[in-house]
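Just follow the structure's listing: the first ligand is 1, and inside any ligand the first atom is 1. On a predicted model such as this, the values are computed, not experimentally measured, just so you know.
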Amino acid sequence: MSKRIVLALGGNALGADLAEQMVAVQSTSNAIADLVEQGHHVVITHGNGPQVGMIQMAFEAASMTYAHSPVLPMSVCVALSQGYIGYDLQNALHEALLNRGIDKPVATLITQVEVDENDPAFADPTKPIGSFFSKEEADAMVAKGAHMKEDAGRGWRRVVASPQPIDVIEKKTVRLMFDAGQVVITVGGGGIPVTRHGHHLKGASAVVDKDLASAKLAEMIDADLLIILTAVEKVALNFRKPNQQWLDRLSIEDGERYLAEGHFAEGSMRPKVESALSFASSKPGRQALITMLSKAREGIEGKTGTVVG
Ligand code: ADP
Ligand code: MG
């Protein structure tokens, strides 16, 4: 049966640098093309952690060498990352579809996501982006206004605010393309965060969680299924503990309870489970699936992954 799917790609679908991404988009595109070949309608969303970090850092480094070179606002860095990742994905996916005899338009849509300027996240930046620095380098960056945090014993990283997504500004265009049977790549990196001031949308210094933004989009374009693809086949209780238990199904009630009990790590599995629950509970018949890219097909057939709702 043909489904309307929002497919959220995790970091491992794109790789950690330029060379890895060039290779990763091939296998990612083949897996997506398999789903299209089966008759499913897909909208693709994706993260941008390594890419937005790379872009931000390149401009920062240039500004240290050339006095007139600008340091880019985070919103512009997200926009650039959408363009770069979208280009790679639409190119590889178009080819993978043609190799299957499918001549379908594939296009990337630059997408803005509205956030609230009073969101408490702005006062407490938590989302790490880009590369690692020493304590001394970090102190120098803090002196210039950056927010830095120590990341799990690995070194210091720049952190940015990660406010809640409220609205996807280009949702009607995404829907038109989706309903016309075209493949759309959108809400890249969680969308370009903007705050609303009358008719004006102002870029915000933040990175929206891509899973939360994908769940919002999935609701707005009336998808049946939100698939969150990541590095694990299933969601676990007591993850990496001796009593770890992989979940085949997760009801809304159990999901809410496990969230409250702290089973899912902040910044990684927690937003995925939150996103899955919010989409699956938004309308009867809607479901979410958390699994890995290579298992997406089996997951849709109900053979693996964690089905939410
Ligand atoms: P992505 O780039 O796909 O968003 P993340 O690293 O942000 O990936 O989140 C996925 C990771 O979350 C998994 O690879 C796993 O290591 C980790 N994780 C944390 N808690 C859990 C859990 N309860 N069950 C499964 N994986 C978990
Ligand atoms: Mg993530």
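Taking every heavy atom of Lys210 and a limit of under 4.0 angstrom, the matching atoms of ligand 1 come to 4 (O). When each atom of ligand 1 is checked for a heavy atom of Ala265 under 4.0 Å away, the hits are 19 (C), 20 (N). Counting the atoms of ligand 1 from 1 in the order shown, those under 4.0 Å from a heavy atom of Thr230 are 1 (P), 3 (O), 8 (O), 9 (O), 10 (C). Below 4.0 Å from some heavy atom of Ala231 lie the following atoms of ligand 1, by number and element: 14 (O). Interface atoms of ligand 1 facing His263, defined by a heavy-atom separation under 4.0 Å, are 23 (N). Using a 4.0 Å cut-off to heavy atoms of Gly10, the atoms of ligand 1 that qualify are 1 (P), 2 (O), 3 (O). The distance from ligand 1 to the heavy atoms of Gly11 drops below 4.0 Å at these ligand atoms: 1 (P), 2 (O), 3 (O).
One distance of note links OG1 of Thr304 with CG of Asp248; it measures 7.5 Å at 0.5 Å rounding.
Which of Tyr258, Phe264, Trp246, Phe239 comes nearest to atom 16 (O) of ligand 1 through a heavy atom is settled by distance: it is Phe239.
In this structure, the side chain of Asp151 does not engage the main chain of Arg154 through any donor-acceptor pair within 3.5 Å.
Among residue pairs with one or both ends in residues 61-83, those qualifying as side chain to side chain donor-acceptor pair (under 3.5 Å) are Asn48-Ser81; sequence neighbours excluded. The list of ring-ring contact (aromatic ring centres under 6.0 Å, His included) pairs with a residue in residues 212-261, not counting sequence neighbours, reads Tyr258-His263.
Remark: ligand 1 and Lys272 share an N or O pair separated by less than 3.5 Å (distance only, no angle test).
With a 4.0 Å heavy-atom cut-off, ligand 1 is reached by no atom of Arg270.
Annotation for Pro163 and Phe122: closest pair CG-CZ, 3.8 Å, computed over non-hydrogen atoms.
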